[in-house]
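This is a predicted model, so every value here is computed, not measured. Every number for a ligand or one of its atoms is a count from 1 in the order of the listing.
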Amino acid sequence: MRTVRLVLGDQLTRDLSALRGLDKTQDVVLMAEVREEGTHVRHHKQKIVLIFSAMRHFAEALREEGIEVDYVRLDDPHNTGSLTGELERALRRHKAKQAVMTEPGEWRLRAAFDAWQKAHNGLLEMAEDDRFFASHARFRKWAKGRKSFRMEFFYRELRRETGFLMEGDEPAGGKWNYDSENRKALPKKLALPERLRFPPDETTREAMALVEREFPDHFGTLDRFGWPVTRQEALRALDHFIEEALPFFGDYQDAMRESEAFLFHSLLSTSVNIGLLSPREVCLAAEEAWREGQVPLNAAEGFIRQILGWREYVRGIYWLKMPDYAETNFLDAHEPLPDFYWTGETKMRCLSDVVKQTRDHAYSHHIQRLMVTGNFALLAGIDPKEISEWYLAVYADAFDWVELPNTHGMAIFADGGLLASKPYAASGAYINRMSNFCEGCPYAPKPRAGQEPCPLNALYWAFLVRNRHRLSKNPRLAMPYRTLEKWSPQRRNEIMKDAEATLSRMRRGEL
Ligand code: FAD
Ligand code: DLZ
């Protein structure tokens, strides 16, 4: 019987569960560019180009194998604008009585297809997305009965199960985690590697023109688009990373430098998230480089921990806790997102630089997301829904299942500590230690005569005071709360006033 096999924009993997058992003589693969997916949040222009170009290339590769592909373009006059609408239309067009898809990665789409499925009497088979190391059932089994869910313990189980960086039953080198060796500040003279960027080919250029025409007021620029859009390009990007950047990845994972978006990071999240690379092959490549003596253990372990540990773990948390997780607001934060998250127009050098990199590349690395834009949102009490929507919109690698736990759990502590053992709150001293942003900034991280103090300082202490009833019992915050106890009420009042003045300036766009 003829089957319509729906492939979504982040499912561009030849071995996808929805493509298994495909009968070239009967079946048709459906792929659809739809307005709803580009606009439910106003995605960065580069993200839409990436998805459309990679979808078009993938469709072409399937056709070259002799597979029939029904590809609906965004500007098709009959396009319904939604994925369920396109599935319905395709079933009629192909006179098919059954459809197969791999489960969507986002709750929103999963709910839409479940509702569609109900209304159509089980016409659609939903196959598991087995491109992850841990299935939903595997994560639920691990989580069952636990009071807290720490990534580290889940990661160790997956290390044992997969055998990555294991020597018998023991972790390679005797330690599970080399995090403490991942926090070096970047030496001023250390040269950064050239990063492999892929100049847009004709397909990408067509997608760029379409996006400029159809999504003109979306955030971001296209001039520096350089993401891999095919599996071949993604494989080249992986090789290049392993050779040029992985050796230093461990040491400088937490470092930041002004005007440098990439440092030693892999830039592989877009390729892994949309299916051009598998997480397993990426981890295997890092392990092999270590076994061959090309990279130190803290680099290979640090990198594999991000993929095998964090990536799997946040997906597990997402599917365990949705839909309620999206509603969490433990710190009762309600401040609207300041405009400078879109314009970059703030005197705070760190924020301005990271927002501008985000605009130009649809990318900033993890510590910038966590400790610059995330830390400010945490300290200023930005509404979780507003900041989460921002993260989902502005990064080329952003998908709800990975963005939401990182934002609500790691960056702004909206989940009250389900994911992180303490809020990642930091004053200007942290930014100064880990970057050179403060050098050209009009605000001083250490108070100096004639210079305005860094706004993060007052915001940091006011955050602790404001949330004392929620956070002061957290053992990992014992030290700053002890410091606060030593302050006179007058000093505390002054800090609260400074923080309120800072927030007022932020609301007026004067920060
Ligand atoms: P590298 O630093 O080279 O890391 C290697 C790989 O590990 C990444 O490609 C990614 O697949 C994985 N990884 C690393 N950290 C994480 C993490 N915390 N969670 C899940 N996977 C991780 N990542 C996304 O893929 N999509 C998102 O929407 C996203 N939103 C984020 C929002 C916030 C507030 C924060 C703090 C982090 C977010 N991350 C997200 C995680 C991380 O910042 C990105 O994966 C990383 O910056 C991508 O760049 P890279 O490929 O150069 O990563
Ligand atoms: C992000 C995105 C965009 C912009 N456009 C499409 C699209 O037109 N067609 C499609 O199949 N997928 C698109 N995607 C990805 C989905 O919005 C969604 O994020 C993933 O499929 C995860 O569920």
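Ring-centre distance between F262 and Y363: below the 6.0 Å cut-off.
The side chain of L83, and not its backbone, has at least one atom closer than 4.0 Å to an atom of ligand 2 (non-hydrogen atoms only; side chain from C-beta on).
Ring planes of F264 and F248: tilted class, angle from 30 to 60°.
Interatomic distance, OG1 of T270 versus CG of D10, reported as 12.0 Å (0.5 Å rounding). Interatomic distance, E327 CD to H408 NE2, rounded to the nearest 0.5 Å: 8.5 Å. Note that the CG atom of L370 and the CE atom of M410 stand 6.5 Å from one another [nearest 0.5 Å].
The shortest distance between side-chain heavy atoms of Q357 and E260 does not fall below 4.5 Å.
Ranking the protein heavy atoms by distance from atom 11 (O) of ligand 2 puts G9 N, 3.0 Å first. Counting only heavy atoms of the protein, atom 1 (C) of ligand 2 lies nearest to K47 CE, 3.9 Å. Counting only heavy atoms of the protein, atom 8 (O) of ligand 2 lies nearest to V34 N, 2.9 Å. Among all non-hydrogen protein atoms, the one lying nearest atom 5 (N) of ligand 2 is E37 CB, 3.4 Å. Among all protein heavy atoms, the one lying closest to atom 9 (N) of ligand 2 is A32 O, 2.8 Å. Remark: minimum distance from atom 22 (C) of ligand 2 to any protein heavy atom is reached at D10 OD2, 3.0 Å.
Using modelled atom types and a 3.5 Å distance limit, the side chains of R35 and N79 yield no donor-acceptor pair. Using modelled atom types, one finds no donor on one side chain facing an acceptor on the other under 3.5 Å when comparing R89 with H78. Side-chain N/O atoms of D415 and Y325 include a donor and acceptor closer than 3.5 Å. For the residue pair Q98/T3, the side-chain donor-acceptor check at 3.5 Å is satisfied. For W176 and E301, the side-chain atoms include no donor-acceptor pair closer than 3.5 Å.
Taking every heavy atom of F52 and a limit of under 4.0 angstrom, the matching atoms of ligand 2 come to 5 (N), 8 (O). Within ligand 2, the atoms closer than 4.0 Å to a non-hydrogen atom of L8 are 11 (O), 21 (O), numbered from 1 in the order shown. Taking every heavy atom of L109 and a limit of under 4.0 angstrom, the matching atoms of ligand 2 come to 18 (C), 21 (O), 23 (O). Within ligand 2, counting atoms from 1 as listed, the ones closer than 4.0 Å to a heavy atom of F399 are 19 (O). The atoms of ligand 2 that sit less than 4.0 Å from any heavy atom of E33 are 8 (O). Near R108, the atoms of ligand 2 lying under 4.0 angstrom from a non-hydrogen atom of the residue are 17 (O).
At a 4.0 Å cut-off, not a single heavy atom of H40 sits close enough to ligand 2 to count as contact. The shell of residues lying under 4.0 angstrom from ligand 2, judged by heavy atoms, excludes W401.
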Task: CA sep, side-chain torsions, deciding dist, call: V229, T203, side chain to side chain contact (heavy atoms under 4.5 Å, CB included) - done: CA-CA 10 Å; V229 292; T203 304; over 6 Å; no
- [ ] Would you sort out whether F241 and F303 count as a ring pair (Phe, Tyr, Trp, His ring centres under 6.0 Å), showing the intermediate values?
- [x] CA-CA 11 Å; F241 163 67; F303 179 72; 4.9 Å; yes
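For a heavy-atom separation below 4.0 Å, the residues in contact with ligand 1 are F249, H265, S266, L267, L268, S269, N273, F303, Q306, I307, W310, R311, V314, Y363, S364, H365, H366, R369, L370, Y391, D397, A398, F399, V402, E403, N406, T407, M410, A411.
Between I51 and ligand 2, no N or O atom pair is found at a separation short of 3.5 Å.
The two residues Q46 and T221 come nearest to each other via the heavy atoms NE2-O, 3.0 Å.
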